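Counting convention: from 1, in listed order, for ligands and their atoms alike. Every value quoted in this text rests on a predicted model; they were computed, and no experiment measured them.
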Amino acid sequence: MKKVKLNTEWLSVCGGCHVAIVDLHEKILDVLGAVDVQHSPVLTDIKDYPKADVGIVTGAIRNEHDRHNAIQMRKSCDLIIAFGTCAVYGGIPGAGTVHSSDDLMHTAYTTSKTTHTTHMPSERVDRLSARVTPIDEVINVDLYLPGCPPHANFIFEALTSLVKGKSPKVGERNVCAACKRKMMRQPVTAIKNPLRDFPDRDTCLMCQGYICLGSVTLDRCLAPCPNTGVACTGCAGPSIQVLREPNRDLRTEVAQRMSRLTEIPADDIVRVIERGAKNYYSYAMASGMIGQKPTFLIKKWIADVEETA
Ligand code: SF4
Ligand code: SF4
Ligand code: SF4
């Protein structure tokens, strides 16, 4: 069989998505047997962009260098996969949207407690753009594979389907569907602090009073966090229901569900999520979807940054 030519690229990114591709363990051999890896920052040292059948782009666009590389990938590849939450929604780099570029640079290079330098990057390094841009605002995307990073099963399914010329079967279920905990109403009256309290092993975390975003998050991970006692923070991005329906928002969805499963008033839960919006919305904060949602504080923070830009 003719090998599929593959280019990969990372933009504004942590590198975890590229590591996840290599982390397919022995399954990587099946993939490598079927693909010819060309331009790829972690696997080859090819600087230009040869023609390719499939292109994997990880990371968001945060400067002109990212924008240029995304466009080169689109020009060189027949099919583009937005791979990982950063590429699809802006991801963690997108959380910088609620701060000015100057503030981010000063925090990273001069005021952070762990940074011992007063030297800012020179003019040879591209300046951060005013905002973080998910890649489909700049180039056309053929397939979205969110996840931070996506689980190996989903990566393998996507890559092997594409190699065979088929559309990948990626389901639309939420994290709760892969979680082993049992949902049952509990006489809990207060929201728990995950840094102080310990959940029991079997009951749904939301029922125990922990704010868990599993019910509003697309499953691209097989629920490793709640299955090991840690509430889901939504790193794979919103569920299909939240994405498709403007009036469905993670804050109100979780508050109503959690309130029905406990004795905690929904308004109390809404207030806690709103106060912690930088955490609860961080992975999709740079996406256009936020503008449609009742996320008052985030919209105010973004407006404040735009005013000072
Ligand atoms: S999606 Fe997550 S793992 Fe992938 S590059 Fe972004 S932060 Fe890293
Ligand atoms: S809300 Fe969280 S703990 Fe409860 S079932 Fe869903 S993923 Fe599991
Ligand atoms: S935070 Fe949620 S979406 Fe992310 S890996 Fe954990 S369970 Fe999955």
Original post:
Heavy-atom count around Asn247 CG within 6.0 Å, excluding the residue itself: above 12?
Top reply: yes
Original post:
Between the candidates Cys86, Gly91, Ser12, Gly15, which shows the shortest non-hydrogen contact distance to atom 7 (S) of ligand 1?
Top reply: Cys86
Subject >> Under 4.0 Å to a heavy atom of Gly147 - the qualifying atoms of ligand 1, by number >> reply: 1 (S)
Original post:
How far does OG1 of Thr8 sit from CE of Met73, to the nearest 0.5 angstrom?
Top reply: 6.5 Å
**OP:** Give the ring-plane orientation class for Tyr49 versus His39, where under 30° counts as parallel, over 60° as perpendicular and anything between as tilted.
**Re:** parallel
Original post:
For atom CZ of Arg185, is the number of surrounding heavy atoms from other residues, nucleotides or ligands below 6.0 Å larger than 12?
Top reply: yes
**OP:** Below 4.0 angstrom from a heavy atom of Gly16, which ligand 1 atoms are there? Numbered from 1 as shown, please.
**Re:** 3 (S), 8 (Fe)
Original post:
To the nearest 0.1 Å, how far is atom 2 (Fe) of ligand 2 from its closest protein heavy atom, and which atom is that?
Top reply: Cys212 SG, 2.4 Å
Original post:
Which protein heavy atom lies closest to atom 3 (S) of ligand 2, and at what distance to 0.1 Å?
Top reply: Leu205 N, 3.2 Å
**OP:** Report the C-alpha distance between Tyr144 and Ile81 in whole Å, list the side-chain angles of each, state the deciding distance to 0.1 Å, and finish with yes or no for side-chain contact (heavy atoms from CB on, under 4.5 Å).
**Re:** CA-CA 6 Å; Tyr144 294 87; Ile81 306 175; over 6 Å; no
Subject >> Those atoms of ligand 2 less than 4.0 Å from some heavy atom in Cys176 >> reply: 1 (S), 5 (S), 6 (Fe), 7 (S)
Subject >> Cut-off under 2.8 Å, centre atom 6 (Fe) of ligand 3, protein N/O/S atoms >> reply: Cys225 SG
Subject >> Nearest non-hydrogen protein atom, atom 1 (S) of ligand 1 >> reply: Thr85 N, 3.4 Å
Original post:
Are Val141 and Leu11 connected in the hydrophobic side-chain network, where two residues link if heavy atoms are under 4.5 Å apart?
Top reply: yes
**OP:** Mark up the atoms of ligand 2 that fall under 4.0 Å of a heavy atom belonging to Arg181, in ascending order.
**Re:** 3 (S)
Original post:
Got Ile264 and Ile269 here, is their nearest side-chain heavy-atom distance under 4.5 Å?
Top reply: yes
Original post:
Hey, does Val13 sit under 4.0 Å from ligand 1 if you only count heavy atoms?
Top reply: yes
Original post:
Which heavy atom of the protein is the closest neighbour of atom 8 (Fe) of ligand 1, given with residue, atom name and distance?
Top reply: Cys14 SG, 2.2 Å
Original post:
If we only count heavy atoms from C-beta on, is the Met120 to Thr110 side-chain gap below 4.5 Å?
Top reply: yes
Original post:
Can you list the ligand 2 atoms lying under 4.0 Å from a non-hydrogen atom of Gly214?
Top reply: 7 (S)
**OP:** Would you check if Arg62 and Arg127 make a side-chain contact, meaning some heavy-atom pair closer than 4.5 Å?
**Re:** no
**OP:** Give a yes or no on whether Lys75 atom NZ has more than 12 heavy-atom contacts from other residues, nucleotides or ligands under 6.0 Å away.
**Re:** no
Original post:
Looking at atom 8 (Fe) of ligand 1, is one of the N, O or S atoms of Cys17 less than 2.8 Å from it?
Top reply: no
Original post:
Under the criterion side-chain contact (heavy atoms from CB on, under 4.5 Å), which of Thr58, Asn69, Val57 is the partner of Trp10?
Top reply: Thr58
Only distances under 3.5 Å count here; give the side-chain donor-acceptor pairs of residues 221-229 to other protein atoms, sequence neighbours excluded, each with its distance to 0.1 Å.
unit_1 : atom_1 : unit_2 : atom_2 : d
Asn227 : OD1    : Lys180 : N      : 2.8
Asn227 : ND2    : Ala178 : O      : 3.2
Asn227 : ND2    : Ala223 : O      : 3.0
Thr228 : OG1    : Pro224 : O      : 2.6
Thr228 : OG1    : Cys225 : O      : 3.1

Original post:
Rounded to the nearest 0.5 Å, what separation is found between the CD1 atom of Ile273 and the CE atom of Met258?
Top reply: 7.5 Å
Original post:
Which atoms of ligand 2 sit under 4.0 Å from any heavy atom of Cys179?
Top reply: 3 (S), 5 (S), 7 (S), 8 (Fe)
Original post:
To the nearest 0.1 Å, how far is atom 4 (Fe) of ligand 2 from its closest protein heavy atom, and which atom is that?
Top reply: Cys204 SG, 2.4 Å
